[in-house]
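Working notes for the structure below.
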Protein chains: 2
Amino acid sequence: MGTVDVPEATVARLPQYLRALSVLAEAGLRTVSSEALAEAVGVGSAKLRKDLSHLGSYGTRGVGYDVTGLHRQIADRLGQATPWNVVIVGIGNLGHALAGYGGFADRGFRVVGLFDDGPQVVGEVVGGVRVRPLSELDRVVHPGETIGVLAVPAEHAQDVCDRLVAAGVRSVLNFAPAVLRVPDGVDVRKVDLASELQILAFHAQRRGVRGNVPARVPSLGPVTERVGEVV
Amino acid sequence: MGTVDVPEATVARLPQYLRALSVLAEAGLRTVSSEALAEAVGVGSAKLRKDLSHLGSYGTRGVGYDVTGLHRQIADRLGQATPWNVVIVGIGNLGHALAGYGGFADRGFRVVGLFDDGPQVVGEVVGGVRVRPLSELDRVVHPGETIGVLAVPAEHAQDVCDRLVAAGVRSVLNFAPAVLRVPDGVDVRKVDLASELQILAFHAQRRGVRGNVPARVPSLGPVTERVGEVV
DNA sequence: ACGACTTTGTGCATGGCTTCACAAGAGCCT
DNA sequence: AGGCTCTTGTGAAGCCATGCACAAAGTCGT
């Protein structure tokens with residue numbers, strides 16, 4: 001059970017569960033109920049249990065889940081048994097930040113290559129890794145084992161993506177606001193920072209006319225608190 | 001029609017449509033069919049049409065949509081008639097990059113404030129804006145009109161978020177891998193960079209055993225091309 | 001050993017989103 | 001004017017995901 005069919009929505013939550021479990025483990029907890037874990041992640045407990053059931057994960061009824069056991073199980077599913085190699089292409093503002101971001105190493109990723117064709121950038125060392133020209137992609141990418149991160153301007157995104165794929169990259173995280181065409185068998189995820197703001201703006205716009213704000217949150221007396229996005 | 005009930009899934013695609021329309025407009029196109037626009041964004045044409053129908057948008061049958069007209073209509077919906085103010089809290093690696101990111105200004109956002117309590121950072125100027133201590137939040141935030149971007153470590157996220165809300169921020173974009181509790185009426189979106197990589201890793205893991213890669217993409221002869229994520 | 005209590009795993013109903021398929025409308029050519 | 005072609009807008013069907021409610025299964029205390 002749980003070998004093939006894990007729903008996409010569930011997959012998207014697994015990293016959240018994993019992180020929450022790390023925190024609980026460090027706090028010394030040995031077991032955790034679906035209720036408590038769900039609360040920590042901000043989802044419903046039924047959803048959590050169904051998600052875990054897709055993994056074929058076994059908790060113990062009446063007790064809950066073994067924290068470290070469940071952690072290892074999810075980590076295995078995410079391929080975190082050994083760290084993944086990551087190359088970042090485009091060492092501009094964003095690329096710099098990603099190269100220096102500590103959050104990757106903590107979660108099973110190793111930045112093994114930085115690439116840019118700008119003459120001023122090549123040779124610079126960011127986070128202990130030297131920036132190389134794109135022509136050296138093949139020397140660093142292990143086909144199928146390396147995730148490519150695209151942090152180049154939109155107009156170069158497709159071109160650079162093609163070169164990544166040619167070098168053997170099969171998973172791409174794209175920060176450029178552009179649609180990428182990739183051959184069958186290559187997986188692309190897109191993160192568009194401006195879009196996220198625009199989605200927030202849409203809701204803010206609808207909430208009330210700009211500036212016409214219906215009262216500030218009272219600074220004393222706890223409000224009924226909710227998790228996540230509302231209207 | 002199209003006043004209240006725009007499905008969330010549709011909202012998430014509006015920024016994509018808007019961007020594609022900008023490109024088409026610059027290319028001099030006057031009208032575009034749902035087929036062509038959908039192709040440019042990488043979605044199905046039926047989905048696009050249904051999305052637009054939720055806006056009450058009128059195209060002309062037999063012809064398509066007026067490019068600039070549709071652009072303005074979507075921009076209005078996203079509240080882009082006048083630019084939104086954005087404050088960024090946490091000027092570390094990521095905050096720096098976001099502060100200097102040109103992509104925001106292009107899409108209707110103005111960075112009006114940078115905040116950090118680190119003594120080395122305060123006073124620094126990034127992208128023409130000076131970094132201030134968090135105590136000055138109130139001076140910059142116009143209640144209800146300002147979007148807050150959280151780029152602080154996870155352990156400070158909740159605390160800083162509370163201060164943003166207290167200052168009148170009602171829309172928060174959270175880059176910290178932490179769950180935020182906010183009062184009713186505040187909208188939070190989360191971007192977790194490591195999670196995105198983990199999701200890619202999951203699919204890569206499932207695709208085949210690590211390193212056991214089933215043949216490289218042939219370098220000559222166009223492959224049947226697909227858009228987006230596969231397998 | 002047994003009953004009370006706790007918590008998982010899941011069948012089922014509900015709702016939202018996507019996809020298909022097509023009628024209604026708009027232009028164009030003869 | 002009439003018919004042809006093109007494209008939109010939308011009913012209807014199907015699919016995926018969420019949430020409820022409860023039986024099965026295990027623990028704990030007596």
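Reminder, nothing fancy here: chain letters follow the sequence lines and each chain counts from 1.
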Gap separating the CH2 atom of A/Trp84 from the NE2 atom of A/His142, nearest 0.5 angstrom: 13.0 Å

Atom pair CG (A/Leu52) and CG (A/Leu14), whose distance is rounded to the nearest 0.5 Å: 8.0 Å

Tell me: [atom1] of [X] to [atom2] of [N], nearest whole Å?
{"X": "A/Asp5", "N": "D/dC16", "atom1": "CG", "atom2": "P", "result": "11 Å"}
{"X": "B/Asp51", "N": "C/dG16", "atom1": "CG", "atom2": "P", "result": "16 Å"}
{"X": "A/Asp66", "N": "D/dT27", "atom1": "CG", "atom2": "P", "result": "13 Å"}
{"X": "A/Lys47", "N": "C/dG9", "atom1": "NZ", "atom2": "C1'", "result": "17 Å"}
{"X": "A/Glu35", "N": "C/dG9", "atom1": "CD", "atom2": "P", "result": "14 Å"}
{"X": "B/Glu8", "N": "C/dC17", "atom1": "CD", "atom2": "P", "result": "8 Å"}
{"X": "A/His54", "N": "C/dG11", "atom1": "NE2", "atom2": "P", "result": "11 Å"}
{"X": "A/Leu52", "N": "D/dG19", "atom1": "CG", "atom2": "C1'", "result": "16 Å"}

Residue that, paired with A/Leu180, satisfies side-chain contact (heavy atoms from CB on, under 4.5 Å) out of A/Val165, A/Val188, A/Val160: A/Val188

Sugar-phosphate only, base, or nothing, as touched by B/Gly44 at under 4.0 Å among non-hydrogen atoms: nothing

Heavy-atom side-chain proximity of [X] to [Y] below 4.5 angstrom:
{"X": "B/Leu197", "Y": "A/Phe104", "result": "yes"}
{"X": "A/Pro15", "Y": "B/Ile199", "result": "yes"}
{"X": "A/Val43", "Y": "A/Arg13", "result": "yes"}

Report yes if at least one side-chain N or O of [X] is closer than 4.0 Å to OP1 or OP2 of [N]; otherwise report no.
{"X": "A/Tyr58", "N": "D/dG26", "value": "no"}
{"X": "A/Tyr65", "N": "D/dG26", "value": "no"}
{"X": "B/Ser53", "N": "D/dG9", "value": "no"}
{"X": "B/Lys50", "N": "C/dT19", "value": "no"}

Pairwise side chain to side chain donor-acceptor pair (under 3.5 Å) hits with a residue in residues 154-168 of chain B, at least two apart: B/Gln158-B/Asp162

Nucleic acid footprint by protein, nucleotides 22-27 of chain C - heavy-atom cut-off 4.0 Å, B for base, S for sugar-phosphate alone: --BBS-

Given DNA chain D, 5'-ward residue of the pair A/Ala9 and B/Gly64, judged by closest heavy atom: B/Gly64

